[in-house]
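To start, the structure under review is shown below, and the notes come after it.
Computed from a prediction, not measured in an experiment: that's the story for all the values here. By convention in this document, chain letters (A, B, ...) are assigned in the order of the sequence lines, proteins followed by strands, and residues within each chain are numbered from 1.
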Number of protein chains: 2
Amino acid sequence: MTLKILLADDHKIVRDGLRTLLEKHDDIMVAGEAEDGREALQLSRKLQPDVVVMDIAMPDLNGIEATRQILSEYPGIKIVALSMHSDKRFVSEMLKAGASAYLLKDCAFEELITAIRTIMKGKIYLSPGIAGVVIENYIKRDSAGEASVFSLLSEREREVLQLMSEGKSTKEVAAHLHVSIKTIETHRTNIMTKLDIHSVAELTKYAIREGLTTL
Amino acid sequence: MTLKILLADDHKIVRDGLRTLLEKHDDIMVAGEAEDGREALQLSRKLQPDVVVMDIAMPDLNGIEATRQILSEYPGIKIVALSMHSDKRFVSEMLKAGASAYLLKDCAFEELITAIRTIMKGKIYLSPGIAGVVIENYIKRDSAGEASVFSLLSEREREVLQLMSEGKSTKEVAAHLHVSIKTIETHRTNIMTKLDIHSVAELTKYAIREGLTTL
DNA sequence: CACAAAATCAGGGTTCCCCCGATTGTTTCC
DNA sequence: GGAAACAATCGGGGGAACCCTGATTTTGTG
């Protein structure tokens, strides 16, 4: 039985590398590649992969949101999170979103194979080094109300914020999400009110700090 | 003869520490403190210090611009640059702006005293570790056209960009700089054209990358 | 000195942003 | 199970921002 895998990473060279490495294994097939979170969602619907290898930092829809949405539609799909950072916010949010594995990008490739094999048995796989973060977080148990973007903003609002901080205008965001400009304006107003931030510049900085977009 | 010093750093706790340490020396007097570049410029006019200890990353007007403007009015004032980064762009721009010393913030305090004494003799003082960057830069001699904000934008444009990326509206920037809104609009248009960036979000990211503002 | 670049400002038209309000559906909670 | 809170959707109107054209003054450079 062959494993169908979907690669989601915004850097083509990374996808190329992963695809080549993965396809050396006879029982693994890379069914498709997505260059942003939204495409990952669409291709998940179309291809019904067994596993999605998902970068966290991606334009349009980030890996965490994409994971959330894919799993809400297809709880059977396994997600392997790939990240450059061991930031505890990312780790815990990704796991909360339902990812089955969390790997750091500086790990050896063989670890990805190990992770995939592990999660296909229904277990969770974490990069060495990530485990510590998880334990730490478990102990603190979200005690210190971190009041981050994930608790303050709704899913839709985070989506809008990410698109805005990627440089899209209200109009473009509206077109992108297929809703009216007025809707996006309301979202933006709500976001700004909730965060008590009232300029695009500072909103962008906030989004960068929270990992919704990158420099 | 007592040395009159002006401290310019946006963190009060840093200024407090430096002031205390500096005033242990009988021949040194901290004449004033500025919390941003513009205040540094104003206090330089008012106090006519011998030395300005200048942080690079400051709101409103950054340390590099402030240095440039102070020295254009008072070439006799000595500037000691204090920075968290050994980024070669900052070093070379700060030296081009006319700073007499460049210190990293993780240096020992005694080094600041050494630097001040050195520059009062008319010499240049560089943090160990910075020297290498300078030499490197000297060898490359700005060869690879780095096309940074410093060559592309005018002084005034950088000022406007910094204020914008700090979250100020066009109106606020205009009021702050005592010019008409139309002037700022022109600057903004020119900045966006020169950089080929057409949203406040991406402009903010650019400003962060170039060190004009911080997260 | 001539020329270029930078900084300043204006008018006018278009678009966008912001403050009000409104509807519908979902979740939560007593 | 209805009240309450939240989420997502849209609209009007007024002020702000944006874009284009054009103009003056100062500054700097060959």
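In this structure, A:I191 atom CD1 and D:dC6 atom P are separated by 17 Å, rounded to whole Å. Summarising the geometry, the separation between NE2 on B:H198 and P on C:dC16 is reported as 15 Å, rounded to the nearest angstrom. Counting to the nearest Å, the P atom of D:dA17 and the CE atom of B:M164 are 12 Å from each other.
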Quick one: which protein N/O atoms are closer than 3.5 Å to N/O atoms of nucleotides 3-10 of chain C? Pair and distance per line, please.
from: C:dA7; atom 1: OP1; to: B:S154; atom 2: OG; distance (Å): 3.3
from: C:dA7; atom 1: OP1; to: B:R156; atom 2: N; distance (Å): 3.2
from: C:dA7; atom 1: OP2; to: B:S154; atom 2: OG; distance (Å): 2.3
from: C:dT8; atom 1: OP1; to: B:R156; atom 2: NE; distance (Å): 3.2
from: C:dT8; atom 1: OP1; to: B:R156; atom 2: NH2; distance (Å): 2.8
from: C:dT8; atom 1: OP2; to: B:R156; atom 2: NE; distance (Å): 3.2
from: C:dT8; atom 1: OP2; to: B:H187; atom 2: NE2; distance (Å): 2.7
from: C:dC9; atom 1: OP2; to: B:S180; atom 2: N; distance (Å): 2.6
from: C:dC9; atom 1: OP2; to: B:T183; atom 2: OG1; distance (Å): 2.7
from: C:dC9; atom 1: O5'; to: B:T183; atom 2: OG1; distance (Å): 3.4
from: C:dC9; atom 1: N4; to: B:T186; atom 2: OG1; distance (Å): 3.0

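Dashed line: the shortest gap from a side-chain N or O of B:R188 to OP1 or OP2 of D:dA17 is not under 4.0 Å.
By the side chain to side chain contact (heavy atoms under 4.5 Å, CB included) test, A:A66 pairs with A:M54, A:L61, sequence neighbours left out. Partners of B:T2 by side chain to side chain contact (heavy atoms under 4.5 Å, CB included), not counting sequence neighbours, listed by chain and number: B:M29. In this structure A:S100 satisfies the side chain to side chain contact (heavy atoms under 4.5 Å, CB included) test together with A:K78, A:I119, sequence neighbours excluded. With sequence neighbours excluded, the residues that form a side chain to side chain donor-acceptor pair (under 3.5 Å) with A:Q69 are A:E155. Residues that satisfy the salt bridge (charged side-chain N to carboxylate O under 4.0 Å, His left out) test with A:E157, not counting sequence neighbours, are A:K194. When the side chain to side chain donor-acceptor pair (under 3.5 Å) test is applied to A:E202, no partner is found at least two apart in sequence or on another chain. Residues passing the side chain to side chain contact (heavy atoms under 4.5 Å, CB included) test with A:T189 are A:T193, sequence neighbours excluded.
Applying the salt bridge (Lys or Arg N to Asp or Glu O under 4.0 Å) rule to pairs touching residues 175-192 of chain A yields A:K182-A:E185, sequence neighbours excluded.
Residues from residues 166-176 of chain B placing a heavy atom under 4.0 Å of any atom in DNA chain D, listed by number, are B:S169, B:T170, B:K171.
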Please table the atom pairs, donor to acceptor, closer than 3.5 Å between any side-chain atom in residues 170-178 of chain B and protein atoms at least two apart or in another chain.
from: B:E172; atom 1: OE1; to: B:S169; atom 2: N; distance (Å): 2.9
from: B:H176; atom 1: NE2; to: B:R38; atom 2: NE; distance (Å): 3.4
from: B:H176; atom 1: NE2; to: B:D60; atom 2: OD1; distance (Å): 3.0
from: B:H176; atom 1: NE2; to: B:D60; atom 2: OD2; distance (Å): 2.7

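The structure places OG of B:S165 at 6.5 Å from CG of B:L212, a figure rounded to the nearest 0.5 Å. The distance from atom OH of B:Y206 to atom CD1 of B:I191, rounded to the nearest 0.5 Å, is 10.0 Å.
Remark on the helix from C:dC1-D:dG30 to C:dC30-D:dG1: inter-end axis angle 50°, axes from five-pair C1' superpositions, rounded to 10°.
Counting atom types as modelled, A:E185 pairs a side-chain N or O with a base atom of C:dC18 as donor and acceptor under 3.5 Å.
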